[in-house]
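Quick note on labels: first sequence line is chain A, next is B, and so on, each numbered from 1.
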Amino acid sequence: MDAAAKLERAFYDRDTVAVALDLLGKHLVHEVGGVRRVGRIVEVEAYLGPHDRAAHSSRGLTARTRVMFGPPGHAYVYLIYGMHCCMNVVTEADGQAAAVLLRALEPVCGLDGRTQGPGLLCKAMGIDRRHNGLDLTDTRLYLESPAKPEPFAIVRRPRVGVDYAGAWARRLLRFYIKGNPFVSRS
DNA sequence: TGCACGATGAAC
DNA sequence: TTCATCGTGCAC
């Protein structure tokens, strides 16, 4: 039997870089209106916590970053540039404000439109700020290991759009599947 | 209460 | 390279 397996709380309750690396190749699933929307994660970025100057949590606990500071396995969804939503997966223990940004998907089923970029990913999956704080071990929005995972090599690069973060902007915390055509940029 | 600035995407 | 567009965080 090689059935897909939903990721449990323990998966997210680990070192953020380890979770980010393990998220590559996993499936993001959103069940909406009886339709199952599924995409294979091909690109992510790790945001390590308040000490990481590129992370939203570096501003401390606020209404917006509340979810990042909360328990692992929840969705942190925020509006960026006044028009696009970005989805993160909260990692590490309750009180540790770290997360992994989902940047690109390879369409598997039920997806409409492009998925190569954090804003496009949310649009195609039908994810917006109403999903902020959702428990990813629940049944509507979750991640799972595919039944038949395909092997891949991982590329490590600096994160995108965080040049303001000084030395943290140069850290290799962006990970993507080598050669995958759905990565947002090479 | 006001304002500068994005973890982006699309057009020019 | 420029612009759309608005919530957030911080300065007054």
Side-chain angles (χ1 to χ4, degrees), chain A residues 12 14-24 26 28 30 37 39-70 72-92 95-107 111-134 136 141 143 154-177 180-186:
Chain A
Y12 306 100
R14 296 183 295 143
D15 171 77
T16 302
V17 169
V19 174
L21 292 168
D22 286 349
L23 279 173
L24 293 175
K26 297 293 190 293
L28 174 63
H30 187 200
R37 301 185 183 192
R40 177 174 179 248
I41 297 172
V42 299
E43 178 184 356
V44 298
E45 282 179 1
Y47 287 86
L48 307 188
H51 56 292
D52 178 355
R53 284 182 52 204
H56 289 168
S57 54
S58 65
R59 302 286 181 183
L61 176 57
T62 65
R64 179 174 67 148
T65 61
R66 186 185 76 257
V67 178
M68 267 189 93
F69 281 83
H74 289 256
Y76 168 45
V77 184
Y78 65 92
L79 182 69
I80 188 65
Y81 298 114
M83 58 194 92
H84 306 294
C85 287
C86 294
M87 175 181 171
N88 297 250
V89 163
V90 177
T91 60
E92 304 193 30
Q96 302 295 115
V100 177
L101 170 68
L102 306 185
R103 285 194 58 89
L105 300 175
E106 175 179 328
L111 293 186
D112 192 26
R114 295 161 56 202
T115 55
Q116 42 192 284
L120 292 171
L121 177 159
C122 283
K123 186 168 184 287
M125 287 293 291
I127 294 168
D128 58 44
R129 281 174 302 164
R130 295 192 301 266
H131 300 82
N132 186 42
L134 280 194
L136 297 173
L141 179 65
L143 292 91
I154 296 174
V155 177
R156 303 175 185 232
R157 288 284 145 76
R159 292 172 292 185
V160 175
V162 297
D163 290 345
Y164 58 84
W168 282 94
R170 295 188 286 278
R171 295 281 299 271
L172 302 181
L173 294 173
R174 173 180 179 228
F175 311 114
Y176 61 83
I177 293 180
N180 190 283
F182 295 95
V183 168
S184 65
R185 54 173 289 209
S186 50

Could I get the full list of side-chain hydrogen bond (donor to acceptor under 3.5 Å, both in side chains) partners for [X], not counting sequence neighbours?
{"X": "T16(A)", "result": "T91(A), E92(A)"}
{"X": "R37(A)", "result": "none"}
{"X": "S58(A)", "result": "none"}

Taking only residues two or more places apart in sequence, or in another chain, which ones meet D22(A) in a side-chain contact (heavy atoms from CB on, under 4.5 Å)? F11(A), R14(A)

Heavy atoms of chain A, cut-off under 4.0 Å: which first and last nucleotide of DNA chain C, 5' to 3', fall inside that, if you could look? dA4(C) to dC10(C)

Expected string for nucleotides 3-12 of chain B under the B/S/- scheme (protein heavy atoms, under 4.0 Å, primed atoms plus P, OP1, OP2 as sugar-phosphate) is ---BBBSS--

For R159(A), answer base if it contacts any base atom (sugar-phosphate contacts may also be present), sugar-phosphate if it contacts only those atoms, and nothing otherwise; contact means non-hydrogen atoms under 4.0 Å. nothing

Pairwise side chain to side chain donor-acceptor pair (under 3.5 Å) hits with a residue in residues 159-172 of chain A, at least two apart: D52(A)-R159(A)

Salt bridge (charged side-chain N to carboxylate O under 4.0 Å, His left out) with R114(A): which residues, sequence neighbours excluded? none

Taking only residues two or more places apart in sequence, or in another chain, which ones meet R64(A) in a salt bridge (charged side-chain N to carboxylate O under 4.0 Å, His left out)? none

Counting Watson-Crick and G-U wobble pairs with both distances under 3.5 Å, what is the dot-bracket string for DNA chain C, 5' to 3', using [ ] for crossing pairs and | for pairs to another strand? ||||.||||||.

Side chains of residues 119-130 of chain A: which donor-acceptor partners sit under 3.5 Å, not counting sequence neighbours?
from    : atom 1 : to      : atom 2 : distance (Å)
D128(A) : OD1    : R130(A) : N      : 2.8
D128(A) : OD2    : R130(A) : NH1    : 3.4
D128(A) : OD2    : R130(A) : NH2    : 3.0

Quick one: side chains of residues 76-88 of chain A, donor-acceptor pairs under 3.5 Å with protein atoms, not counting sequence neighbours, listed by atom name and distance.
from   : atom 1 : to     : atom 2 : distance (Å)
Y76(A) : OH     : H56(A) : ND1    : 2.8
N88(A) : ND2    : Y76(A) : O      : 3.2

Can you check side-chain contact (heavy atoms from CB on, under 4.5 Å) on F182(A) and I177(A), steps first, answer last? CA-CA 9 Å; F182(A) 295 95; I177(A) 293 180; over 6 Å; no

